Each structure stands twice: as structure tokens, then as C-alpha cells.
Asker: 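Let me give you the structure first, and then I'll get to my questions.
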Protein chains: 2
Amino acid sequence: MAAESLPALPCACANLRRAARAVTRGYEAALKGTGLTPTQHTLLQALDLLGLSPQGALGELLAIDSTTLTRTLRPLERAGWVRAVSGADRREVRWALTLRGRRRLERARPAWERAQARLRTRLGADVWARLAADLAAVAGAA
Amino acid sequence: MAAESLPALPCACANLRRAARAVTRGYEAALKGTGLTPTQHTLLQALDLLGLSPQGALGELLAIDSTTLTRTLRPLERAGWVRAVSGADRREVRWALTLRGRRRLERARPAWERAQARLRTRLGADVWARLAADLAAVAGAA
DNA sequence: CGCCAATAGTTGTATATACAACCATATCTC
DNA sequence: GAGATATGGTTGTATATACAACTATTGGCG
């Protein structure tokens with residue numbers, strides 16, 4: 001199982017999406033036992049980071065369309081990992097991680113860290129670090 | 001519309017997916033008039049690059065599951081942009097870009113190049129170049 | 001106040017994505 | 001050459017994703 005390097009594609013978008021697909025599969029496999037998909041894990045982690053947060057702000061941080069969040073958050077709410085909190089502006093839906101949600105995230109942590117470590121090892125620390133910064137720039141630039 | 005830089009996320013997978021979503025939206029908008037989605041454009045471009053190619057090989061190049069290809073290629077076939085060619089091994093489906101497909105790809109080229117140029121300008125040439133290599137490594141490593 | 005524009009989310013619809021299970025064909029082994 | 005195994009794709013099902021159109025609320029502005 002040598003890491004057969006794929007050729008770079010001419011299209012930056014294609015390159016990004018290909019890498020995202022490949023990595024997602026790895027994280028998905030790693031998170032298998034935790035009952036969380038990569039997307040769900042990311043949502044919980046982001047909410048943990050942000051604290052109580054309007055849906056729009058969550059979407060901005062993750063570059064996820066608000067209409068997508070409506071649907072991806074629904075199962076998390078049903079599972080009791082997040083809850084909607086009403087505030088002054090009644091159009092807004094603000095989301096909070098529940099205690100159950102935090103526990104679930106904590107429970108998934110070892111698996112997530114294994115996935116991170118595995119990729120980091122395969123890439124090398126320099127590429128790994130560079131990539132985090134470059135990808136943040138890309139998300140901001142697009 | 002300043003390029004408000006988003007903070008890097010703790011999760012490499014989340015970082016990648018966020019960037020992919022953001023960039024995909026840009027390319028999708030740019031390709032709007034061409035009748036091609038980013039995915040479709042990538043498929044045609046890859047097939048142009050590879051020439052006559054078994055479905056599995058195409059999937060490997062793009063890190064797309066073969067079951068996904070079955071479905072994403074179908075509309076391209078119906079549109080007459082690609083066609084299935086039978087070979088010696090009758091399990092295999094080999095795909096070829098048709099003339100119409102090549103023309104469509106060519107027609108989309110200016111729009112695609114605008115999207116590329118736009119992102120490249122916003123990122124700077126150094127990040128752009130580095131990213132292509134790093135992302136290819138990621139796709140191979142995952 | 002009372003209309004009008006802007007903003008926050010939801011619903012309808014369509015594409016992209018992949019895993020598990022499956023079918024068909026090829027290859028291997030005796 | 002026949003049965004076992006491996007390989008290449010398809011179907012069933014589920015999640016992720018977003019655009020267009022819509023609803024509800026808010027914030028001007030006269």
C-alpha cells in the first residue's frame with residue numbers, strides 16, 4: 001500500500017475536490033465507531049468553538065450555505081446534540097451544543113485525533129502546517 | 001467585498017472540505033453559461049487528458065468511487081459528450097470523449113480559465129503553485 | 001403609524017457522493 | 001475444464017450540498 005502519488009490536475013477546483021473526497025473517506029472510516037459522520041463532527045466541533053451562534057454565523061465559518069445547514073443540523077437536533085435557542089431577533093435561529101453533544105464530541109476525540117495523526121504523518125509536518133494556512137486563505141479568497 | 005480570511009479550523013478534513021465548497025461555488029458560477037457543472041467539467045477534462053479509459057482508472061485519477069461515476073457519467077453520455085466503448089474484458093466499461101464532448105469542453109474553456117485566473121490572482125502565484133502540489137500529495141496520501 | 005427594503009431561515013428540487021449488497025465476467029488452481 | 005476466487009460495474013439507500021423561490025421578521029423613512 002504505497003502512497004501512490006496522483007498527478008496534479010490542471011484545475012484547482014478539481015484538485016481541491018479530489019483531495020477533499022480522498023481525505024473525507026479516511027476520516028469517515030476513522031469516525032465509523034463514533035456514530036458521527038465527518039460533517040456532523042465538524043458541526044459539533046465548530047459549535048463547540050463558537051459557542052451559542054446564529055445559523056448564519058456558523059455557515060460563514062464553515063462556508064456552508066444556510067439552506068444546507070437547515071438540513072444537516074436537523075438530525076443533530078433530533079439526536080439531542082445541539083439545540084435551537086431563541087433570542088431577540090425572532091428570524092434568527094441560534095444554535096448551542098448541548099451537554100450530550102459535548103460528550104459525544106469528546107467521545108469521538110480519540111478517533112478524530114488518530115485520523116489527524118495518520119494524515120499528518122503521511123504528509124509530513126511541514127506540508128501539514130502549510131496546508132492549514134493555505135486552505136484557510138483559499139476559503140477566504142473564493 | 002474584502003477577502004475576509006476565515007480562521008483555520010482544527011480539523012484538516014474540515015479545512016479541506018470548506019475550501020472545496022467555497023471554490024466550487026466560484027467555479028460553478030463561472031461555468032454557469034457553459035451548461036457544465038464543475039463535476040462535469042472535471043470529468044470531460046480528465047477524459048480528454050486520459051484518452052480512452054476504463055471507468056476504474058478514471059475513478060482512480062479523480063479519487064471518485066466507481067459507483068459515483070456510474071451516475072455522474074450517465075447524463076454526460078445522454079448529452080453525447082462521452083461514449084462507452086467495449087473492449088476485450090467484458091466487465092470493463094471504457095469511456096471516450098466524443099467530438100461533441102471535446103467541443104463542449106473547448107467552449108467552456110474561457111469561462112474555466114477566468115475562474116482559474118481569478119482564484120490565482122486572489123491567492124498569489126506562490127500559494128497557487130504550492131497548493132497544486134500539496135493537494136496532489138494529499139489525494140495520494142489519504 | 002405604515003409601507004418598503006433588507007435580512008434570516010425553510011422548502012422544492014437537483015446534483016454529487018459513497019457504502020453495502022449484488023451480478024457478471026474473468027482468472028486461477030487443481 | 002470445473003469450482004473457487006478476484007475484479008469491474010450497477011442498484012439500493014442515505015447523506016451532503018446548493019440554487020431559486022418563498023415566508024417571516026426586522027429596520028428604515030416618510
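Letters go in sequence order (proteins before strands), and every chain restarts at 1. Values in this document were obtained by computation on a predicted structure and should not be read as measured data.
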Asker: Base, sugar-phosphate, or nothing: which does B:Arg74 touch, judged by heavy atoms less than 4.0 Å apart?
Answerer: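 Counting heavy atoms under 4.0 Å across all strands, the contact made by B:Arg74 is with sugar-phosphate only.
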
Asker: Look at all strands and tell whether B:Thr70 reaches a base, only sugar-phosphate, or nothing, counting heavy atoms closer than 4.0 Å.
Answerer: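 Result for B:Thr70 = base.
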
Asker: Between A:Glu106 and A:Arg102, does any NZ, NE, NH1 or NH2 come within less than 4.0 Å of an OD or OE carboxylate oxygen?
Answerer: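 Salt bridge absent between A:Arg102 and A:Glu106.
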
Asker: Starting at OH of B:Tyr27 and ending at C1' of C:dA16, how long is that distance when rounded to a whole Å?
Answerer: 19 Å

Asker: Identify, between A:Pro38 and B:Leu69, the residue whose nearest nucleotide on DNA chain D lies closer to the 5' end.
Answerer: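 Nearest-nucleotide comparison on DNA chain D picks B:Leu69.
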
Asker: Can you name the closest pair of heavy atoms from B:Ala12 and A:Tyr27 and give their distance?
Answerer: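 Closest heavy-atom pair between B:Ala12 and A:Tyr27: CB-OH, 3.7 Å.
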
Asker: Check this for me: does any side-chain nitrogen of one of B:Glu28 and B:Lys32 sit under 4.0 Å from a carboxylate oxygen of the other?
Answerer: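 Not counted as a salt bridge, because no side-chain N and carboxylate O are separated by less than 4.0 Å.
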
Asker: Expressed as a whole number of angstroms, how long is the span from A:Glu77:CD to C:dG9:P?
Answerer: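 Nearest whole value for this atom pair: 14 Å.
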
Asker: Judged by modelled atom types alone, do B:Thr70 and B:Gln55 share a side-chain donor-acceptor pair under 3.5 Å?
Answerer: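 Short answer, yes.
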
Asker: Over all strands shown, is A:Pro54 touching base, sugar-phosphate only, or nothing at heavy-atom distances under 4.0 angstrom?
Answerer: sugar-phosphate

Asker: For A:Leu16 and C:dA16, give me the distance from atom CG to atom C1', rounded to whole Å.
Answerer: 16 Å

Asker: Rounding to a whole Å, what distance do you find between B:His41:NE2 and C:dT15:P?
Answerer: 19 Å

Asker: List in chain and number order the residues that pass side-chain contact (heavy atoms from CB on, under 4.5 Å) with A:Ala129, two or more places apart in sequence or in another chain; answer none if no residue qualifies.
Answerer: none

Asker: One character per nucleotide, please: for nucleotides 17-25 of chain C, 5' to 3', B when the base has a protein heavy atom closer than 4.0 Å, S when only the sugar-phosphate does, - otherwise.
Answerer: BBBB---BB

Asker: Strictly below 4.0 Å: does B:Gln55 bring a side-chain N or O up to OP1 or OP2 of D:dT10?
Answerer: yes

Asker: Would you say the side-chain atoms of A:Thr34 and A:Arg107 include a donor-acceptor pair closer than 3.5 Å?
Answerer: no

